[in-house]
Amino acid sequence: MHVTDTLEMVERAYDDWKEGRWSRAPYVDMLIPTQIDPTMAPDGKHYMSVFVQYCPYQLADGDWTPEKRQAFGATVIDTIARHSPNFKDLILHAEIRTPRDIENEVGLTEGNIFQGELTFDQLLFNRPIPGYAKYRSPLRGLYMCGSSTHPGGGVMGAPGANAAHAILRDLGRAS
Amino acid sequence: MSSAPRARYDSIVVGGGHNGLICAAYLARGGRSVLVLEAAERVGGAAVTREFAPGFRVSACAHLLHLMPRELMRDLGLERQGLKLAADGLPTVALSPDGGHLVFGAGNVSGLSERSSADAAAYAEWRALLRRLSGALHPVLAAAPPRLGSDAWHDRASLLGLGWRLRRLGRRDLRELLRIGGMCVHDLLEDRFGLALLKGALALDAVLGTNYGPRSPGTVLALLYRAAASQGVEALAQPQGGLGALSEALARAATAAGAQIRTAAPVARILVREDRAAGVQLASGEEICATSVVSSADPKATFLKLLGSEHLDAGFVRRVAQMRSRGLTAKLHLALERLPQFPGVATDSLRGRLLVAPSADYIERAYNHAKYEEFSSAPMLEVSIPTLADPGLAPAGKHAMSVIVQYAPYALAGGWEAQRQAFADVVIDTLSRYAPGLRGCIGASELLTPLDIEREFRITGGHWHHAELALDQFFMLRPVPGASQYQAPVPGLFLCGAGCHPGGGVMGLAGRNAARQVMREAA
């Protein structure tokens, strides 16, 4: 489920990000996995997972604080509540993870879930950086196999498989 | 201007703007009988000089000459035809709110190394890269785009030539071209430079005259295109008598080559007989026959108004109708009782191009408004005071100022009529930050919104380039697939205006490329 009233709303949400603010009316992508797999929550209860854009890694008015994180979460909940009137009353617990939290917990530098923006200048033979697009690094024996490498992230698995092939090829040549 | 009319011409050129005149000159040189039909009282299209307040004249749309290749100007003998440059090699001044301006001259930026030696080195490196890339890309602009899947030798040669020139760039430059070619200029500038003022000035060049902000895709391409057109040398010039003098010299060059020119002769229809363009009908009802009709009018006007969609297939009509061609650039002309002071700008630098774009983010914010059909509350400006190099444009001791303003959406929410003065005030207030006494100098003013530009210069949508300069409307896709080799789907009908490859900006290459294509097809 998405909350995207208009393209203009998404554009304005992005304008906020450019200025180092989280979107005042964010784009949200919601999923209620317990509708398909009830075992993921106690009996009769549900959990909802929400992707939110846009949320800056660095805020213009200083670093993230617990208060700012709560305020950001409230913005998202308010957005969803506009479409689901009793939504707020149903919430037992909420966990809010900003890009900063994702960096701290998962180890993704700057909290980018693709380990590097998927822009033209960072794709194909330029992914992650020009000259090192073939899973190899400046150091012999050091390889990259994450989302940062071609063809990128999104639980695809192709970088891992491609990197394994590259390593095997090198080993074959070495042996 | 013209000799006795003929009953029939080899080619009729619709529109006497710079591209139409250049096309006519080359066709006439090639031995064709050519008639140029211009709707206005005089030639020039959007490259005209006219009075906007009693005694004050200004280049009414384009105001500086920087994209037209010097080789083209020499080839047409424009100097012989009376063209004089009042100034050449003009500097560009990036105005800073704190008075610490940067002055871009030939090959250097004064004030930059004092501020940031890293930026000075990075800028020198960037200019050198641009020069090398534009060497490879300029020939692309100077020829018709090749047809894909064609067996014709010139299409193959053109593709092979491009491949060869790119190859010759060497691995490092080619890699960098492929890396940056599709980037937005914001990311490129973040990658290379630190100083906000420098980034603002460079971002301005990437978005000037377009419908984009620095974070929009394709903006590095626009910057490369600009560099390629001028062959990497930013030779900013101001013709004596304004851009209209350039058009007059082009008209004389065309006439000298044998072309005839009729002004005040608006074309109402392009005539089609036996599925071929056969001539034109003027608004007066007069019909003139020709073997080919070459239109420098914008693609929408050419196909949807002059030709008529009944002569085209539905898919093509749809593509033309969907082509993005709405202008976002306005023009403000000020008649000045005296020269305003710009603290921190030397008199000599004042003759050049003054930029109000203190950072790329400033431009992006100005652009944000345009996305929602509002005008920028703090607009980006390119200012010229042409009377400093050419005092004849205004009464003695007085000055004219010409300001290009972004962003001013064609379809402003609430309409332009009610908001003209408010917008003019925003521009004057913005400029007053850098010239505090400006308001007191103003005797009269004139604002041209994209709507006014549409009306006065007969450009559908009021866009300088007739069609947006975007990746999907570029090169082999310009203005639309099916008409990208200057040739319309209707035999005998050609395009030669800014809507064609390689675009507008008083460059003139579209006109010359088109003339070659007309002669090739009709050979």
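Rounding to the nearest 0.5 Å gives a distance of 8.0 Å between CZ of A/Phe120 and CG of B/Leu471.
Within 6.0 Å of atom CZ in B/Arg326, 12 or fewer heavy atoms from other residues, nucleotides or ligands are found, so the atom counts as exposed in its surroundings. The number of heavy atoms from other shown groups lying within 6.0 Å of CG (A/Leu7) does not exceed 12.
Highest contact tally toward chain A, considering only B/Gly181, B/Cys184, B/Gly182, is held by B/Gly182 [criterion: heavy-atom pairs under 4.5 Å].
Of the atoms belonging to B/Leu178, heavy atoms from both backbone and side chain fall under 4.5 Å from chain A.
Remark: B/Phe474 engages no residue in a ring-ring contact (aromatic ring centres under 6.0 Å, His included) (not counting sequence neighbours).
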Give the atom names and distances for all donor-acceptor pairs closer than 3.5 Å across chain B and chain A.
{"residue": "B/Glu364", "atom": "OE2", "partner": "A/Lys18", "partner atom": "NZ", "Å": "2.4"}
{"residue": "B/Arg365", "atom": "NE", "partner": "A/Glu19", "partner atom": "OE1", "Å": "3.1"}
{"residue": "B/Arg365", "atom": "NE", "partner": "A/Glu19", "partner atom": "OE2", "Å": "2.7"}
{"residue": "B/Arg365", "atom": "NH2", "partner": "A/Glu19", "partner atom": "OE1", "Å": "3.0"}
{"residue": "B/Asn368", "atom": "OD1", "partner": "A/Lys18", "partner atom": "NZ", "Å": "2.8"}
{"residue": "B/Lys371", "atom": "NZ", "partner": "A/Glu11", "partner atom": "OE2", "Å": "2.6"}
{"residue": "B/Lys371", "atom": "NZ", "partner": "A/Asp15", "partner atom": "OD1", "Å": "2.5"}
{"residue": "B/Lys371", "atom": "NZ", "partner": "A/Asp15", "partner atom": "OD2", "Å": "3.4"}
{"residue": "B/Tyr372", "atom": "OH", "partner": "A/Arg12", "partner atom": "N", "Å": "3.2"}
{"residue": "B/Tyr372", "atom": "OH", "partner": "A/Asp15", "partner atom": "OD2", "Å": "2.5"}

